[in-house]
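Worksheet: one structure, shown below.
These figures come from a predicted structure and were not determined experimentally. Below, chains carry the letters A, B, ... as their sequence lines are ordered, and counting in each starts from 1. All values below were derived from every heavy atom in this structure, side-chain atoms included, with hydrogens, water molecules and symmetry-related copies excluded.
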Protein chains: 2
Amino acid sequence: MKRISSRATSFDVAALAGVSQSAVSRAFTPGSSIAEEKRAKVLEAARKLNYVPNSIASSLTTKRTNIIALILGNMGNPFYVHVLHEFSRRLQALGRQVLIFTVDPGSESDEAILRALQYQIDGVILTAAQLSTRMTSLCHDRGIPIVLFNRYIPGSDASGVRCDNVGGGRLIAEAFLAAGAKSFAMITGDPKGTTSQDRVRGFVERLMEEGIRRSEIEEVGGQSSYDGAARAALTLFGDRAKPRPDALFGINDIMAMGAIDALRYRLALKIPDDLMVAGFDDIPEARRAPYKLTTVRQPINQMVEQTLALMHLDEPDRPIERGIDMPLASRLIWRSTIPVPPAYRSDVADDAGMDEAG
Amino acid sequence: MKRISSRATSFDVAALAGVSQSAVSRAFTPGSSIAEEKRAKVLEAARKLNYVPNSIASSLTTKRTNIIALILGNMGNPFYVHVLHEFSRRLQALGRQVLIFTVDPGSESDEAILRALQYQIDGVILTAAQLSTRMTSLCHDRGIPIVLFNRYIPGSDASGVRCDNVGGGRLIAEAFLAAGAKSFAMITGDPKGTTSQDRVRGFVERLMEEGIRRSEIEEVGGQSSYDGAARAALTLFGDRAKPRPDALFGINDIMAMGAIDALRYRLALKIPDDLMVAGFDDIPEARRAPYKLTTVRQPINQMVEQTLALMHLDEPDRPIERGIDMPLASRLIWRSTIPVPPAYRSDVADDAGMDEAG
DNA sequence: CTGAAAGCGCTAACAT
DNA sequence: ATGTTAGCGCTTTCAG
């Protein structure tokens, strides 16, 4: 394998194949009109020269890079890892590449978006951080769709994909009530994030319908992390003198897991005997034996699908639809951290033989 | 904020600022010679036009995209998630972007590398999958460094960064022996991967030094996943008639965790009373209360650092060093899945107050 | 179906 | 310090 030149161009290939440079371009463009025989000749020459088409150069004229920016915060939450994986798989299958940006959860995403813009990305998916209206219009003015994943920003032009968090919060409250809980506590996530707010809202709303006062519902922030929630659980339940709530809602699974571990291993509480617990997301870890967490499932695949649909990758010139927000239905998954009331017996998740990937 | 043109170019900015186009380029290039006053004028015009420099266009001439390809398999293993996060953070800080490729663990990475090459990436980091020599030379011939993370390929030109897996395997064996174990089992990972092979080798090697025969050491594959390891543990220990080994080495933490959960919740075994267990990697989850896994720590930060150093991002023209492979030292972390022999008491990890991020 | 030629938006000499 | 000019590697008219 000789080293003719470090990076052969379409001209080099053309020369070797004895054709014009445009012919080379055509040979590599599916569906362009070129004689099959000529294409073969070009491909052969390309192979000899180790030619790899330069997408950077082509995107200069086509105005499409096939790169999608994915902005992530909080990779400590497996939910987002799962999401990243799903996007990566799907986009790769669609011939797109994923450019990753990590930001501190809850911080501004402006800088990341600005950097993404420099790369002329075809779209941006935002799973974390705040989004300024300035960035939104910066993207939209260039025809670049930006979709918020698992969040929305009221009044924003950016579209969002999420599940019905308010409804999910209600489902949890409903389950606790059905299991006979009388007093309640929550570990909340990012106070600025609508996701946490909505789950709290639905939860509280449903409880208030039963005559429970908001002030009776205890609440501590868990920073959306395992460790933060473990600490939160300790401050909520550590004082053995105080009467202890009999139901705890972790606003997401990773926090519910942190809380459960702290409750069991630090406070020696039995779940669900001493205390029932629920989470939200249904991350793969939630079904593991130590947790068997009762939780609300987010329909990740649907959400990813809908995100992709909103970006209209195949119709780049289509005007961007602003501010679309259609929450997807969420569903309660009964496992073992809430005693299952008779009426729900048949709903209990059968995780047997079900791999996490599934 | 009016919409002058969807994407202003440096010419538009130049026109508005009343300067030449090169002046605009200079204004955005740190360290280039331009009067401060003129730069200000340019920046002002750029702001008015919402101008964002087009790095795609600039890389056409500079021959540098500042994009690094990161090829990942097995995102189900938190170890790699952690690695991804670390690379993303560090590279972003260095003004580089990360382009993600996910491949099925153990499969060929050729296609992913080919796609990366089209984007003229400045380097590739490979954390999974096989690497053909053809791809290696394809990259190297173009001056693109490719480094294998947590693996190496004997005889390959690609450099690798990893810890001393053989030594780590020995450390585990040593710990089991010190704790009085007499019979042993392993759950192995990718049989084609040197990482799993080396850990096994070190482990077995050390045991054989004590006169234990290789054939006495039981071994089942766990597919490098939580679920795979849970199944493996069941086949290893499910037969209650058979004498049961008293030490189990999970070739990585996620598998050790899967095994532990299966042993405890399916077979009602006590750890470490009935059976001692060890893992490898020291992922953040390993120190959680349900596991408190005794394991070998991989020095991720050092590994990331060394990977970056091997790529010589700041000296793009430097000839690529071939086949560098200097395993970093690994270290045993004592926790609770192996009874701690008196001599090691002071070594026990104090994870208190230590957040996972840390 | 094919080749010639004109850019895409920017950087990098090269003059001035 | 600044403007002019020639590309970078490709796609896309436009003729033929």
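Counting only heavy atoms from C-beta on, B/Leu60 has its side chain closest to D/dC8 among D/dC8, C/dA5, C/dC10. Proximity note for B/Ala23 (side chain, C-beta onward) versus D/dC10, D/dG3, C/dG9: the nearest is D/dG3. Proximity note for B/Ser20 (side chain, C-beta onward) versus C/dA5, D/dG3, C/dA12: the nearest is D/dG3.
What separates CZ of B/Arg26 from P of C/dA12 is a distance of 10 Å, to the nearest Å. Atom CD of A/Gln21 and atom P of D/dT12 are 12 Å apart (whole Å). Protein atom CD1 of B/Ile34 is 9 Å distant from nucleotide atom C1' of D/dA1, rounded to whole Å. Distance CG (B/Asn54) to P (D/dC8): 18 Å, rounded to an integer number of Å. To the nearest angstrom, P of C/dG9 lies 16 Å from CD of A/Gln118. Following rounding to the nearest Å, A/Phe11 (CZ) and C/dA5 (C1') show an atom-to-atom distance of 10 Å. If you take CD of B/Gln120 and C1' of C/dC10, they are 16 Å apart, rounded to a whole angstrom. Taking atom CD1 of residue A/Ile56 and atom P of nucleotide C/dG9, one finds them 15 Å apart after rounding to whole Å.
Between the side chain of A/Ser32 and the backbone N or O of A/Arg26, at least one donor-acceptor pair lies under 3.5 Å.
The phosphate of C/dC10 has neither OP1 nor OP2 within less than 4.0 Å of any side-chain N or O from B/Ser58. Note on A/Ser10: a side-chain N or O is less than 4.0 Å away from OP1 or OP2 of D/dC10. Between A/Ser22 and C/dG3, a side-chain N or O to OP1/OP2 separation shorter than 4.0 Å is absent. A close approach under 4.0 Å does not occur between any side-chain nitrogen or oxygen of A/Lys63 and OP1 or OP2 of C/dC8. Put simply, B/Lys38 has a side-chain N or O that comes within less than 4.0 Å of OP1 or OP2 on D/dG3.
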Handout entry: Stepwise side chain to side chain contact (heavy atoms under 4.5 Å, CB included) test for A/Ile320 and A/His312
Key = CA-CA 9 Å; A/Ile320 292 171; A/His312 292 297; over 6 Å; no

Exercise for the section: Check the pair A/Asp325 / A/Arg162 against salt bridge (Lys or Arg N to Asp or Glu O under 4.0 Å), numbers first and verdict last. Expected result: CA-CA 8 Å; A/Asp325 172 49; A/Arg162 59 187 176 103; 2.8 Å; yes

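Residue-to-nucleotide proximity on DNA chain C shows that, of B/Tyr51 and A/Ser32, the 5′-proximal contact is made by A/Ser32. Mapping B/Thr61 and B/Ala35 onto DNA chain D via the closest heavy atom, the residue that lands nearer the 5' end is B/Ala35. Comparing B/Ser33 and A/Ala57, the nucleotide of DNA chain D nearest to each residue sits closer to the 5' end for B/Ser33.
Applying the 3.5 Å distance criterion, the base of C/dG9 shares no donor-acceptor pair with the side chain of B/Arg7.
Within the nucleic acid shown, A/Phe28 has no heavy atom closer than 4.0 Å to any nucleic acid atom. Counting any heavy atom pair closer than 4.0 Å across all strands shown, A/Ser25 reaches a base atom.
Closest of all the heavy-atom pairs between B/Val81 and B/Met75 is CG2-O, 3.6 Å. Closest non-hydrogen pair, B/Ile146 versus B/His140, comes out as CG2-NE2, 3.3 Å.
Note on B/Glu44 versus B/Lys41: no salt bridge recorded, every NZ/NE/NH1/NH2 to OD/OE distance being 4.0 Å or above.
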